[in-house]
Protein chains: 2
Amino acid sequence: MNDSAGRPAGGPAARPTLEEVAALAGVGRGTASRVINGSPRVSEKARTAVERAVAELGYVPNRAARALATSRTDAIALVVPEAETRLFSEPYFADIISGVSAELSRTQLQLLLVLVRDQREHERLSAYLRADRVDGVLLVAVHQDDPLPVMLEDLGIPAVLAGRRGEHEPLSYVAADNAGGARMAVRHLLRRGCRRIATVTGPLDMEGAQARLAGYRAALAESEAGTLPELVAVADFTESGGRAAMAELLEREPGVDAVFCASDVLAAGALQALRAAGRRVPQDVAVVGFDDSIVARHTDPPLTTVRQPTQEMGRAMVRQLLEQIAEPGRARRQLVMATELVVRDSA
Amino acid sequence: MNDSAGRPAGGPAARPTLEEVAALAGVGRGTASRVINGSPRVSEKARTAVERAVAELGYVPNRAARALATSRTDAIALVVPEAETRLFSEPYFADIISGVSAELSRTQLQLLLVLVRDQREHERLSAYLRADRVDGVLLVAVHQDDPLPVMLEDLGIPAVLAGRRGEHEPLSYVAADNAGGARMAVRHLLRRGCRRIATVTGPLDMEGAQARLAGYRAALAESEAGTLPELVAVADFTESGGRAAMAELLEREPGVDAVFCASDVLAAGALQALRAAGRRVPQDVAVVGFDDSIVARHTDPPLTTVRQPTQEMGRAMVRQLLEQIAEPGRARRQLVMATELVVRDSA
DNA sequence: AGGCAGCGTGGGAGCGCTCCCGAGGCGGTA
DNA sequence: TACCGCCTCGGGAGCGCTCCCACGCTGCCT
């Protein structure tokens, strides 16, 4: 024996099989299998014998064989549409993954990462799913017209979305309270005395962006009998989009004294436009972002922003998915998690 | 269930098997298998018949069965040590993943994401690998004393590192030219006329941090017969680390007129310390970062920094891994990729 | 005409596991 | 003592695929 697994020298490291474990333990294959899968219907004697044999041989079950026999794969996929690959550079995504992975590590499940960037990859994914390659799917960054959720529904594969497509999302999801967070942000601006409050929205085919806009509107409406004007500029979630939207807003409404941006990156762009226009932040125009992403701490001035419990969202998604996998017929579950205002210097 | 694959209503969408495909095509299982796996030893007639049957039934091979029969899994793992989970929020990581995924999508391989955050998870990974759960491993953010690469070597599993542990890395790797990038950065500072150039390093148990320090030293040494003083402060790769290191540097060497930071996050911290000390950037002190991460564009002023071809590195890693998987005996390959200076306002 | 490659083909064996059924062993009751 | 029920246990069957061997056919050489 000259390797750490204690296998005999020479041969190409053949993994021991259940059969060999059973033989060494002096029991049958069935009993060995029961022990390994934690069935209660095993005598104490048999259990310890098998456990000893497992330890001695360094036995690890062959997943492919198990998957073939059970037609479960013990794997779930985290699917990321390509358009959102930039997501990766957001703590949002890092935290989702971190939460997912943490929750998953308590189980035997594996995490498959699937990026879908074009039609070809979409079909590839579709084939995966049809072939029962995974027990469930986690889907992030859902657009309203995304074909992926529809496909998941059709296939009847357990699935949980991060975010939702609309208020009546048929699939399970975990979402942040986007409307509430936005309202909180705008209330903060109102409290500071701002009265000409604009918003730069994200792409409105995403429910999250819509909800943030709705929250903005709700805050305005509940203040001073809704007499404050709505100042809305639509952008995508990019920095240049934020810059352009803010520039347009300044032109359209020079008296603007605050802006709620639907993301930090958007806010970073808005800050650039404000600086270019010679406005001081927060003295002339107060700015609030959303996400509490890494850029929020590094802009000048650092951004006041809305934080979502992202890591916890990742964990919750996994928990929901496991429930669905364990109990396929069960009702879909929806979970909306509270957000939190992080006050820095920009508002 | 009336679904788009055109299966009969009622039953729980049973996937067709090779056997059924063969039957429908009027050939044997062997022939059907050959067609599906693109073997050339098949008549044209049989090939088209099988292809028609596959299309008609919507056949997708069962991977578990294939894996069991071939003892290959058609999956590779991307392993991320937990300490580096913050990596996720770097474009570095996003680009690595993006490159990996792009290259992988040309194959049948799946990408497993494995976060290793503690001893328990380390053992779990170890069990995975021993159980032959993956055909190969991609490992990022390697520390010098990391047990993972050692384990991979012992197990003889095909593996490629992002970065290396030292100059004589026995495993295959793809790395950026860290030393070259650093030298380039410092040369840039010299060209600007800086003469008291400091550096804030990363943790020196990472070869990348060492190499950047070496590049800094090389640039100083090759200039003016090496008469310029070395001003080194060691930090970890965090913002607060950069702030502390810079503060210390200012105290130790008040005349410092430039600082090369081993990462952008470090540089962001350094900027804070400089601002706190009343130094203007770049007029009083020029600053250069490394990575061209997302923070680099958002600091005040935006950072001059060194970019690495990260996405291409991800692709290259996959290519090397595939070679190793296809040809297990082959010599390890090492690839060092050029870096590029991105000049913004901080230097 | 006979023999012999060479090719395409069919199907048996087997990958390692779980599921399940029937066989015992045991204690308790009549 | 005879019988019954409950548990534990062993091992056959089978999951869907690939690998490989043996078979028959064609076409060419002797």
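Environment of CZ in A/Arg106: sparse, with no more than 12 heavy atoms of neighbouring residues, nucleotides or ligands closer than 6.0 Å. Around CZ of A/Arg332, the count of heavy atoms belonging to other residues, nucleotides or ligands within 6.0 Å exceeds 12.
Mapped onto DNA chain C by nearest heavy atom, B/Leu68 and B/Val27 fall at different nucleotides, with B/Val27 at the one closer to the 5' end.
Where the helix from C/dA1-D/dT30 to C/dA30-D/dT1 starts and where it ends, the local axes point in directions that differ by 60°; five pairs per end, rounded to 10°.
We find the CD-CD1 distance between B/Gln324 and B/Ile157 to be 11.0 Å, quoted to the nearest 0.5 Å. Going from atom CG of A/Leu321 over to atom CG of A/Leu109 covers 8.0 Å, rounded to the nearest 0.5 Å.
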Going 5' to 3' through nucleotides 17-28 of chain D and flagging B where a protein heavy-atom sits under 4.0 Å of the base, S where only the sugar-phosphate is that close, and - otherwise, we get BB-B--------

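Side-chain contact of B/Glu123 with B/Gln119: a donor-acceptor pair under 3.5 Å is present, judged by distance alone. Neither side chain, B/Arg63 nor A/Thr73, offers a donor N or O lying under 3.5 Å from an acceptor on the other.
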Please tabulate the protein-to-nucleotide N/O contacts below 3.5 Å involving nucleotides 23-28 of chain C, giving atom names and distances.
none

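Only one option out of A/Val80, A/Leu138, A/Val174, A/Thr310 pairs with A/Ile96 in a side chain to side chain contact (heavy atoms under 4.5 Å, CB included); it is A/Thr310.
Looking at heavy-atom distances under 4.0 Å, B/Ala46 makes contact with sugar-phosphate atoms alone, never a base.
Salt bridge annotation for A/Glu312-A/Arg319: present, with a cationic side-chain nitrogen under 4.0 angstrom from a carboxylate oxygen.
Evaluation of the salt bridge (charged side-chain N to carboxylate O under 4.0 Å, His left out) test over residues 34-49 of chain A, restricted to residues two or more places apart or in two chains, returns none.
Scanning for side chain to side chain donor-acceptor pair (under 3.5 Å) contacts around A/Gln334 gives an empty result, with sequence neighbours left out. Every salt bridge (Lys or Arg N to Asp or Glu O under 4.0 Å) that B/Arg164 has, sequence neighbours left out, goes to B/Glu207.
Put simply, CG on A/Leu57 is 14 Å from P on C/dG16, counting in whole angstrom units. To the nearest angstrom, P of C/dG6 lies 11 Å from CZ of B/Arg41.
Between B/Ser43 and C/dG8, a side-chain N or O to OP1/OP2 separation shorter than 4.0 Å is absent.
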